[in-house]
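Each chain gets a letter, A, B and so on, in the order the sequences are listed, and its residues count up from 1.
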Amino acid sequence: MYRISDQQVDFILADIKKHGIRIESLQQNLLDHICIIIEQNLEQHDDFEKFYREIIKTFYKEELKEIEEEAIFLVKSKGPFLLLSRLQFFLLLFITFIGPYITYDLVWFFNEGHGSVLPVEVWSGTMVFATFPLLVLLVLYFTPEKLDPLIPRKSKILLGIRPFIKIIPPTEKYASYQQ
Amino acid sequence: MIYSSELIKGTLKTIVLKLLTDNKKMYGYEITQKVKELTLDRIQITEGALYPTLHALEAEGLVTIKTEFIGKRVRKYYSLSRAGKTKAKEKLNELSNFMETMISLLDIKPKTI
């Protein structure tokens, strides 16, 4: 059986950290797991670093830090939550920020009758208070490339108690929350 | 036949809790090997799925941890906490009921292995 040296342990740990694993508990687990695989499969004359590079690739799809992202996601996303698409999220923002002004105008209009005209203080109030949020929403929605990674295209938005809001980029795993 | 990761993902927590019920303490690599052995290689738990799950179980207080130094590295042994033992029973009952419902829903005939 191959005997892994202290220098090799340090090398693996440094590489794990370099590739985005910051949680110590995960570092320790991954380090031990990798060391066991190496000790059980590597021969004395084999190239340690080459073998390590090959096995570490089997731990992830795109990047090693996916493991930490998934761990954080599982811990933080407890309790009731709502998973929205990008479009649904912007519709929700629209309803929240613009909806009250439009509703007020419509209620006023229907109360006063069809022939009446909205007084200037009502529609100008709507313009002043609704225009700015509307412009911000439109810019955010239609230019995700420029504002990326604020709310990237194809991202999902998690609304819940813990966390209150979380933007999930397309690469991050959220499949377990779609069940 | 190796089962899809989607199927395994929904049951991983239950699998880990059940293994820790049957075995007093286990470490990550041991869990992956035990699952392979018990399922004749049909379920292979990936590191990318196992360690986030163990981390979440730890955060929820369902497992307790003891560490052991193997040379310069640390091995983390997981055991069920009292809350974990209760949770394991709940999850097993839930999965058992779910499987019965799926068998009935999909009209699956039980087959002998």
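Neither the backbone nor the side chain of A:Glu24 comes within contact range of chain B; no heavy atoms are under 4.5 Å apart. Neither the backbone nor the side chain of A:Tyr60 has a heavy atom closer than 4.5 Å to any heavy atom of chain B. Residue A:Gln7: no heavy atom, backbone or side chain, is found under 4.5 Å from chain B. When heavy atoms are compared at a cutoff of 4.5 Å, A:Ile23 approaches chain B solely by way of its side chain, counted from C-beta outward. When heavy atoms are compared at a cutoff of 4.5 Å, A:Ile12 does not approach chain B at all. No part of B:Glu30 comes within reach of chain A, as not one of its non-hydrogen atoms sits under 4.5 angstrom from that chain.
Between B:Val74 and A:Asp32, the shortest heavy-atom distance links the atoms O-CB, 3.7 Å. Considering every non-hydrogen atom in both B:Glu47 and A:Thr58, the closest pair reads OE1-O, 4.0 Å.
One distance of note links CG of A:Leu74 with CG of B:Leu57; it measures 9.0 Å at 0.5 Å rounding. B:Arg73 contributes atom CZ, which lies 12.0 Å from atom CG of A:Asn29 (distance to the nearest 0.5 angstrom). In this structure, B:His55 NE2 and A:Ser25 OG are separated by 6.0 Å, a value rounded to the nearest 0.5 Å. Taken to the nearest 0.5 Å, the SG atom of A:Cys35 stands 9.0 Å off from the CZ atom of B:Arg75. Considering OG1 of B:Thr32 and NE2 of A:His33, their distance stands at 4.5 Å, rounded to 0.5 Å.
Linking ILVMFWY side-chain heavy atoms closer than 4.5 Å, directly or via other members, places B:Ile70 and B:Ile65 in two distinct hydrophobic clusters. Residues A:Leu140 and A:Ile95 are members of separate hydrophobic clusters, defined by side-chain heavy-atom contacts under 4.5 angstrom among Ile, Leu, Val, Met, Phe, Trp and Tyr. Residues A:Val107 and A:Ile102 fall into different hydrophobic clusters, defined by Ile, Leu, Val, Met, Phe, Trp and Tyr side chains chained together at heavy-atom separations under 4.5 Å. Linking ILVMFWY residues whenever their side-chain heavy atoms come closer than 4.5 Å, directly or via other members, places A:Phe90 and A:Phe132 in the same cluster. If you chain together hydrophobic residues whose side chains sit under 4.5 Å apart, A:Phe129 and A:Leu93 never meet in one group.
Counting heavy-atom neighbours within 6.0 Å of A:Arg53 CZ, excluding the residue itself, gives a total above 12.
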